[in-house]
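Beneath this line is the structure, given in structure tokens, with notes to follow.
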Amino acid sequence: KYALNEKDFFPSASLYKLVLLAAAMKEIEATRLKLEDTIRGSKFALTAQMGSVDFGYEDMPEDLEFSVEEILERIGRISDNFASIMLTERLRSDGSNDPLLSMASELGMNNTSFEGIPNTTASDMALFFKKLYRGEVVSKSASEKIMDVLSLSNINDRIPANLPDGVKVIHKTGELPYLRHDAGLVFPNLPNSPNHPYLIILLSKDLEFEDEGVDTLAKISGD
């Protein structure tokens with residue numbers, strides 16, 4: 001194990017969606033939510049909430065509609081912000097305790113918060129992926145579903161970028177102005193190896209040049 005600043009707080013950016021996926025899977029396993037359920041949203045309202053039109057939504061209709069299954073896949077594949085907001089609002093609609101905060105607490109991610117700008121630490125992210133690999137995020141079947149969703153990622157310019165072909169990566173990126181993150185599990189696929197993964201959590205902030213930050217994360221992973 002090598003750790004640097006693992007307890008320091010970083011804006012989580014889209015890494016919060018890991019907890020969102022877990023909270024959604026908890027509702028699904030409790031049958032309070034179904035993969036085929038439809039969630040609707042207004043592009044105008046979502047744009048006002050986020051401050052801009054999410055990438056890929058420019059030409060989509062005003063009235064948005066996705067199944068829960070589609071939302072999970074969009075989160076995994078393109079880190080869809082509008083779909084994530086729609087799912088978060090659905091989970092919070094009963095007005096009880098914040099399901100994301102409750103899930104983070106249930107997972108032991110005690111330094112991950114959702115008040116104001118969500119924050120997290122590298123150690124909390126490592127804990128999430130350890131539990132995910134062990135099948136301890138909600139349940140074994142829920143953990144497998146989350147891993148399947150994360151394996152769809154089209155954003156592969158960090159941890160996977162400089163790894164050899166055939167290496168499986170289960171990961172989640174995050175980005176905001178001046179920061180770039182990536183966190184996940186790498187399965188080396190070595191000859192005569194049981195192919196146990198290693199954990200790698202890469203968080204950054206206060207970047208002067210974001211593209212250089214991405215290149216640095218990819219270099220750290222590749223080395």
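Numbering starts at 1 and runs along the sequence shown. All of these numbers come straight from a predicted model, not from anything done at the bench.
- The structure places CG of L100 at 9.5 Å from CG of L21, a figure rounded to the nearest 0.5 Å.
- Remark: F82 pairs with Y57 by the ring pair (Phe, Tyr, Trp, His ring centres under 6.0 Å) rule, at least two apart or across chains.
- Listed by chain and residue number, nothing satisfies the side-chain hydrogen bond (donor to acceptor under 3.5 Å, both in side chains) test with E73 (two or more places apart in sequence, or in another chain).
- In this structure, the separation between CG on L72 and CD1 on I146 is 8.5 Å, given to the nearest 0.5 Å.
- Contact of the N81 side chain with the K17 side chain is registered, since non-hydrogen atoms from C-beta on lie closer than 4.5 Å.
- A heavy-atom distance below 4.5 Å is found between the side chains of K145 and V149.
- Screening residues 212-221 for side-chain hydrogen bond (donor to acceptor under 3.5 Å, both in side chains) gives K219-D223 as the qualifying pairs, with residues at least two apart or on separate chains.
- When all heavy atoms are compared, the tightest approach of P118 to G116 is CD-O, 3.3 Å.
- Distance OG/S105 to CG/D98: 11.5 Å, rounded to 0.5 Å.
- The two residues I201 and G184 have their closest heavy-atom pair at CD1-N, 4.1 Å.
- Using a 4.5 Å heavy-atom cutoff, the side chains of V137 and L18 are not in contact.
- Of all non-hydrogen atoms in G222 and N162, the two that sit nearest each other are CA-CB, 3.9 Å.
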Give the table of side-chain donor-acceptor pairs shorter than 3.5 Å for residues 119-129, with sequence neighbours excluded, one pair per line with atom names and distance.
from	atom 1	to	atom 2	distance (Å)
N119	ND2	I117	O	2.8
T120	OG1	T112	OG1	2.8
T121	OG1	S123	OG	3.0
T121	OG1	D124	N	3.1
S123	OG	E6	O	3.3
D124	OD2	N111	N	2.9
D124	OD2	T112	N	3.0
D124	OD2	T112	OG1	2.8

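- One finds the CG atom of L203 at 10.0 Å from the CG atom of N5 (value rounded to the nearest 0.5 Å).
- Listed by chain and number, the residues in a salt bridge (charged side-chain N to carboxylate O under 4.0 Å, His left out) with K168 amount to none (sequence neighbours excluded).
- A salt bridge is absent between E62 and K43: the closest approach of a Lys/Arg side-chain nitrogen to an acidic carboxylate oxygen does not fall below 4.0 angstrom.
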(request) Assess whether side chain to side chain contact (heavy atoms under 4.5 Å, CB included) is satisfied between V138 and E29, documenting all intermediate values. (result) CA-CA 9 Å; V138 182; E29 294 222 330; 3.9 Å; yes
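- The two residues L207 and G213 come nearest to each other via the heavy atoms CD1-CA, 4.0 Å.
- Atoms CG and CD1, on D80 and I75 in that order, are 7.5 Å from each other to the nearest 0.5 Å.
- With a 4.5 Å cut-off on side-chain heavy atoms, V169 and N156 do not count as touching.
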(message) Applying side chain to side chain contact (heavy atoms under 4.5 Å, CB included) to F9 and S113, what does each step give before you reach the verdict?
(response) CA-CA 10 Å; F9 289 96; S113 66; over 6 Å; no
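- Salt-bridge check for R158 with E175: passed, with a basic side-chain N closer than 4.0 Å to an acidic carboxylate O.
- Look at D37 and R90 and you find a salt bridge, because one of the NZ, NE, NH1 or NH2 atoms lies within 4.0 Å of a carboxylate O, short of that distance.
- In the hydrophobic clustering of ILVMFWY residues, with side-chain heavy atoms under 4.5 Å counting as a link, L163 and I220 come out together.
- L150 and I155 fall into different hydrophobic clusters, where Ile, Leu, Val, Met, Phe, Trp and Tyr are joined by side-chain heavy atoms under 4.5 Å apart, directly or via other members.
- What you find for Y178 and E210 is that their closest heavy atoms are N-OE2, 2.7 Å.
- In this structure the side chain of F187 reaches within 4.5 angstrom of the side chain of Y133, judged on heavy atoms.
- Under a 3.5 Å cut-off, the side chain of E70 and the backbone N or O of S67 do form a donor-acceptor pair.
- In this view, R134 satisfies the salt bridge (charged side-chain N to carboxylate O under 4.0 Å, His left out) rule with no residue, not counting sequence neighbours.
- Note on L202 and L4: separate hydrophobic clusters, where clusters join Ile, Leu, Val, Met, Phe, Trp and Tyr whose side-chain heavy atoms are under 4.5 Å apart, directly or indirectly.
- Surrounding CG of D211 are at most 12 heavy atoms belonging to other residues, nucleotides or ligands under 6.0 Å away.
- A search for side-chain hydrogen bond (donor to acceptor under 3.5 Å, both in side chains) contacts involving K172 returns S79, not counting sequence neighbours.
- Inter-residue side-chain proximity for D206 and L179 is flagged as unmet; no heavy-atom pair is nearer than 4.5 Å.
- In this view, F10 satisfies the ring pair (Phe, Tyr, Trp, His ring centres under 6.0 Å) rule with no residue, not counting sequence neighbours.
- Remark: H181 pairs with no residue by the side-chain hydrogen bond (donor to acceptor under 3.5 Å, both in side chains) rule, at least two apart or across chains.
- Every salt bridge (charged side-chain N to carboxylate O under 4.0 Å, His left out) that E106 has, sequence neighbours left out, goes to K26.
- No single ILVMFWY cluster, assembled from side-chain heavy atoms under 4.5 Å apart, contains both L87 and I78.
- The 12-atom threshold is exceeded at CD of E58, counting heavy atoms of other residues, nucleotides or ligands nearer than 6.0 Å.
- The same ILVMFWY cluster, assembled from side-chain heavy atoms under 4.5 Å apart, contains both I28 and M103.
- The shortest distance between side-chain heavy atoms of L46 and V53 does not fall below 4.5 Å.
- Partners of R77 by salt bridge (charged side-chain N to carboxylate O under 4.0 Å, His left out), not counting sequence neighbours: none found.
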(request) Mind running side chain to side chain contact (heavy atoms under 4.5 Å, CB included) on D63 and R40 for me, showing each step along the way? (result) CA-CA 7 Å; D63 296 321; R40 296 177 176 84; over 6 Å; no
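- Proximity of L33 to L91: side-chain heavy atoms (C-beta onward) are separated by under 4.5 Å at one or more points.
- Under the side-chain hydrogen bond (donor to acceptor under 3.5 Å, both in side chains) criterion, K140 pairs with E144, sequence neighbours left out.
- Atom CG of residue L199 and atom CD1 of residue I170 lie 12.5 Å apart, to the nearest 0.5 angstrom.
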(request) Test side chain to side chain contact (heavy atoms under 4.5 Å, CB included) on V68 and K34 and set out the steps. (result) CA-CA 7 Å; V68 172; K34 297 178 181 178; over 6 Å; no
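- More than 12 non-hydrogen atoms from other residues, nucleotides or ligands lie less than 6.0 angstrom from CD of E36.
- Residues M86 and G41 share a closest heavy-atom pair of CE-N, 3.6 Å.
- Under the 3.5 Å distance criterion, with hydrogens and angles disregarded, no donor-acceptor pair is assigned to the side chains of S143 and E136.
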